[in-house]
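Below, read A as the first sequence line, B as the second, and so on, with proteins coming before strands; counting in each chain starts at 1.
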Amino acid sequence: MPELPEVETIRRDLVPKVVGRSIRQASILTPRLTRRAGTPASVAAGLIGRRIRALLRRGKFFQFDLGETSLIVRLGMTGQLRWWRDRESCQGDEHTHAFLHFDEGGVLTYRDVRKFGELFLVPTEAVEAALRVGPEPLEDAFSVGALRRICQSGARVKSVLLDQRKIAGLGNIYADEALFRAKIRPTRRAASLSEEELRALRGAIRFVLAAAIRQRGSSISDFRDPCGEPGGFAPRHRVYQCHGTPCRVCGTAIRRILVAQRGTHFCPTCQR
DNA sequence: AGTACGCCCTGGCCGC
DNA sequence: TGCGGCCAGGGCGTAC
């Protein structure tokens, strides 16, 4: 499931391929992809002839800046952006829902088995308002004070970390991994965290995300980079999908519970 | 305000 | 071997 590190890995790989190039032809095959705004035809029409000025990331969203408008792509659970050097090498299958053909060759495809992802156009000046996500955890503005404000909530800390309006880009993997490294139980009420715990949690979120980006993301189910290669961070997971195995710190069996209806993994000894 | 639950969607896995 | 049933899960809408 692509979260911030996976989206950032794809973004960095795609920047040298697509930025500065123009879209010659666009085809979108699956109406569900554009359900948020427009139709496959209207989105495709809005892409043709546009040059990509920049490829940015906001939380788990890609923003292809086309000038007046921006193409927003969200991968959902199983979305993949793949890059093909030329039309001849481009491979689609029944799960490939969109093709962007570039001037001077090169094809960007969108593949998504479960079709939870989406693809839509927004005026560039309205992107921030349209996405409605919280601060970027890797930016300086994500201070302990900012996290303290985010945590002024009676909800469980795991739920708060997953709320994209509060913090951008964390999903189930990195929420669990950050809470483990901060030694905080996912069921704790966010507002109960001490100043020391908030400091530890901020540091753990940033550490885990940065480490995952260095390893090019976690390939738990479907994540692949634009060349089809998996990321290398999954073996570094301490708790996510490690239930039943001994904690790397204390040896206690990692447990799996439900928090806010999500599978949640933690060490009952290390995390309090 | 916080939480539960259903929905979307499909491949993979389990039990019979 | 085959098939029905269940599960995962990000985000959203609805109900309590």
Once you round it to whole Å, what is the distance between [atom2] of [N] and [atom1] of [X]?
X: A/Ile72; N: C/dG10; atom1: CD1; atom2: C1'; result: 17 Å
X: A/Arg189; N: B/dA1; atom1: CZ; atom2: P; result: 15 Å
X: A/Arg111; N: B/dT10; atom1: CZ; atom2: C1'; result: 11 Å
X: A/Arg114; N: C/dC12; atom1: CZ; atom2: P; result: 18 Å
X: A/Leu162; N: B/dT3; atom1: CG; atom2: P; result: 12 Å
X: A/Leu75; N: C/dG11; atom1: CG; atom2: C1'; result: 14 Å
X: A/Asn172; N: C/dG10; atom1: CG; atom2: C1'; result: 9 Å
X: A/Arg58; N: C/dG11; atom1: CZ; atom2: C1'; result: 17 Å

Any N or O donor-acceptor pair linking the side chain of A/Arg74 to the base of C/dG10 at under 3.5 Å?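 Absent.
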So does A/Arg36 reach the base of C/dG11 with its side chain, donor to acceptor, closer than 3.5 Å?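 Answer no: no donor N or O sits under 3.5 Å from an acceptor.
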Less than 3.5 Å apart, any donor N or O on the side chain of A/Gln80 or A/Arg111 sitting next to an acceptor on the other?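 Their side chains do contain a donor-acceptor pair, which is all the 3.5 Å distance test asks for.
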Less than 3.5 Å apart, any donor N or O on the side chain of A/Asp225 or A/Thr9 sitting next to an acceptor on the other?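 Short answer, no.
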Distance below 4.0 Å between [X] side-chain N/O and [N] OP1 or OP2:
X: A/Arg262; N: C/dG10; result: yes
X: A/Lys115; N: B/dT10; result: yes
X: A/His95; N: B/dG11; result: yes
X: A/Ser153; N: B/dA1; result: no
X: A/Tyr240; N: C/dG9; result: yes

Starting the side chain at C-beta, find the nucleotide from C/dG9, C/dG11, B/dG2 nearest to A/Gln164.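 Per side-chain heavy atoms of A/Gln164, the pick is C/dG11.
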With the side chain of A/Arg156 defined as its heavy atoms from C-beta on, choose the nearest nucleotide among B/dA4, B/dG11, B/dT3.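 Taking heavy atoms from C-beta onward, the closest nucleotide is B/dT3.
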Classify the nucleic acid contact of [X] as base, sugar-phosphate or nothing, counting any heavy atom under 4.0 Å across all strands shown.
X: A/Gly171; result: nothing
X: A/Arg165; result: nothing
X: A/Gly263; result: sugar-phosphate

Hey, is A/Arg24 close enough to A/Asp103 for a salt bridge, meaning N to O under 4.0 Å?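 Answer for the salt bridge query: yes.
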A/Glu136/A/Arg57 salt bridge by N-O under 4.0 Å criterion: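 Yes, A/Arg57 and A/Glu136 are salt-bridged.
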Would you please classify the geometry between the A/Phe120 ring and the A/Phe61 ring as parallel, tilted or perpendicular, with 30° and 60° separating the classes?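 Ring orientation of A/Phe61 relative to A/Phe120: perpendicular.
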Please report whether the ring centroid of A/Phe99 lies less than 6.0 Å from that of A/Trp84.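 No.
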Between C/dG10 and A/Phe116, is there a base-stacking contact, meaning the centre of the base's six-membered ring lies under 5.5 Å from the residue's ring centre while the planes stay under 30° apart?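 Per 5.5 Å and 30° rule: yes, stacked.
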